[in-house]
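Keep in mind that this is a model prediction, so the values were computed, not measured.
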Amino acid sequence: MSLPDLGPLWLTVQLSAVTTALLLLLGTPLAWWLAFTRSRLKSSIEAITALPLVLPPTVLGFYLLVFLSPNAALGGLWVDITGSALTFSFTGLVVASVIYSLPFTVQPLQAAFETLGRGPLEAAAMLRASPLDAFFTVASPLALRGYLTATVLTFAHTMGEFGVVLMVGGNIPGETRVISIAIYEHVETINYADAHLLSAILLIFSFLVLLLVYAVNRRFPIHAGGQR
């Protein structure tokens, strides 16, 4: 059996890596705010953050396609700045993936920060540590389990995207054809051998991801208020 085109696999890995890095940067302040805020907006923001978990991917993909199209405000502004459209491009896939995978980053981080509590931060403040210093030297190391879980889940979830990717990116070889789209195309053309191989790669990867998450959770037990 000959090897199938592994270009979609490499493109999927790139998309997952970029999405995960962006979400760790953007999701950390959001998760921190959700963990400690007493704002009345908390429930609304939590619901918006969790929407990708319950919305059918095609519904979310449709709205993203409309929102990112050159005729929309953001899509038109992007065309004016870069000269190219967000839709049916790798950049558009990244934007869509960041939104689609948002809860897989924010929720583990929020849970980790809530478990941490305010005690270690107040102790750091009494030692005259600035809020930023306390976050990087106290909160982040104690929330390592949350970061590892968020990283693994976000990367794996982005690897398996289909509906949103198809709606926003289409199926352009070398540009937007990720592994899930390639599998769908192989099935459509009755090329089950290549579909089997690519599906097996995703299956094994997903199993290893879950194995890693459970191992991490066992290796780094929850710290409540800074205590083991």
Peer 1: Ring-plane angle category for Phe104 and His157, please: parallel below 30°, perpendicular beyond 60°, tilted otherwise.
Peer 2: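 Because their plane-to-plane angle is under 30°, the rings of Phe104 and His157 count as parallel.
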Peer 1: With clusters defined by side-chain heavy atoms of hydrophobic residues (ILVMFWY) lying less than 4.5 Å apart, directly or transitively, does Leu202 cluster with Val209?
Peer 2: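 Val209 clusters together with Leu202.
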Peer 1: Between Ala195 and Ile183, what is the shortest heavy-atom contact and its length?
Peer 2: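 Closest approach of Ala195 to Ile183, heavy atoms only: CB-O, 4.2 Å.
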Peer 1: Between Glu46 and Gln110, does a side chain to side chain donor-acceptor pair (under 3.5 Å) hold up when you go through it step by step?
Peer 2: CA-CA 10 Å; Glu46 283 182 319; Gln110 181 184 349; 2.7 Å; yes
Peer 1: Take Thr154 and Thr20 through the test side chain to side chain donor-acceptor pair (under 3.5 Å) and record every step on the way to the result.
Peer 2: CA-CA 6 Å; Thr154 302; Thr20 302; 5.4 Å; no
Peer 1: List the steps, then state whether side chain to side chain contact (heavy atoms under 4.5 Å, CB included) holds for Tyr100 with Glu161.
Peer 2: CA-CA 9 Å; Tyr100 187 48; Glu161 281 185 36; 3.4 Å; yes
Peer 1: Can you name the closest pair of heavy atoms from Leu153 and Pro108 and give their distance?
Peer 2: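 Between these two residues, the closest heavy atoms are CD1-CG, 4.5 Å.
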Peer 1: Please list every donor-acceptor pair under 3.5 Å in which a side-chain atom of residues 7-18 meets a protein atom from a residue at least two apart or in another chain.
Peer 2:
{"from": "Thr12", "atom 1": "OG1", "to": "Pro8", "atom 2": "O", "distance (Å)": "2.6"}
{"from": "Thr12", "atom 1": "OG1", "to": "Ile179", "atom 2": "N", "distance (Å)": "2.8"}
{"from": "Ser16", "atom 1": "OG", "to": "Thr12", "atom 2": "O", "distance (Å)": "2.9"}
{"from": "Ser16", "atom 1": "OG", "to": "Met159", "atom 2": "N", "distance (Å)": "3.4"}

Peer 1: Do the side chains of Leu74 and Val168 join up, straight or via other hydrophobic residues, at under 4.5 Å, putting them in one cluster?
Peer 2: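 Shared cluster, yes.
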Peer 1: For Tyr147 and Thr28, run side chain to side chain contact (heavy atoms under 4.5 Å, CB included): C-alpha distance rounded to whole Å, both residues' side-chain angles, the deciding distance at 0.1 Å, then the answer.
Peer 2: CA-CA 9 Å; Tyr147 274 103; Thr28 294; 3.1 Å; yes
Peer 1: Should Leu109 and Trp32 be counted in the same cluster of Ile, Leu, Val, Met, Phe, Trp and Tyr side chains packed under 4.5 Å apart?
Peer 2: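 Shared cluster, yes.
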Peer 1: I'd like to know if Leu51 and Val66 are part of one continuous hydrophobic network [Ile/Leu/Val/Met/Phe/Trp/Tyr, side-chain heavy atoms within less than 4.5 Å].
Peer 2: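 Same cluster: Val66 reaches Leu51 through Ile, Leu, Val, Met, Phe, Trp or Tyr contacts under 4.5 Å.
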Peer 1: Look at the side-chain heavy atoms of Ile, Leu, Val, Met, Phe, Trp and Tyr, link any pair under 4.5 Å apart, and say whether Val94 and Phe155 land in one connected group.
Peer 2: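 Unlinked, Val94 and Phe155 end up in two clusters.
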Peer 1: Step by step, work out the side chain to side chain contact (heavy atoms under 4.5 Å, CB included) result for Phe135 and Ser130.
Peer 2: CA-CA 9 Å; Phe135 174 78; Ser130 67; over 6 Å; no
Peer 1: Looking at every heavy atom in both Ala50 and Pro103, which two are closest together, and how far apart are they?
Peer 2: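 Shortest heavy-atom contact: CA-CB, 4.3 Å.
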Peer 1: Taking atom CG of Leu211 as the centre, report whether more than 12 heavy atoms of other residues, nucleotides or ligands fall under 6.0 Å from it.
Peer 2: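 Count over threshold, so yes.
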Peer 1: Minimum heavy-atom separation for Pro141 to Phe136, with atom names?
Peer 2: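 Smallest interatomic distance, heavy atoms only, reads CD-O, 3.4 Å.
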Peer 1: If every non-hydrogen atom of Glu175 is compared with every non-hydrogen atom of Leu93, which pair is closest and at what distance?
Peer 2: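 Looks like O-CD1, 4.4 Å.
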Peer 1: Using the side chain to side chain donor-acceptor pair (under 3.5 Å) rule, take Ser101 and Thr19 through it: C-alpha gap first, then chi angles, then the decisive distance, then the call.
Peer 2: CA-CA 8 Å; Ser101 297; Thr19 300; over 6 Å; no
Peer 1: How far does CG of Leu116 sit from CZ of Phe113, to the nearest 0.5 angstrom?
Peer 2: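 Nearest 0.5 Å value for the CG-CZ distance: 8.0 Å.
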Peer 1: Of the non-hydrogen atoms in Val164 and Ala96, which two are nearest, and what is the gap between them?
Peer 2: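 In terms of heavy atoms, the two residues are closest at CG1-CB, 3.6 Å.
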Peer 1: Before giving the answer on side chain to side chain contact (heavy atoms under 4.5 Å, CB included), spell out for Val98 and Leu102 the whole-Å C-alpha distance, their side-chain angles and the decisive distance to 0.1 Å.
Peer 2: CA-CA 6 Å; Val98 165; Leu102 182 64; 5.6 Å; no
Peer 1: From Leu212 CG over to Leu148 CG, what is the distance, rounded to the nearest 0.5 angstrom?
Peer 2: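 CG of Leu148 is found 7.5 Å from CG of Leu212.
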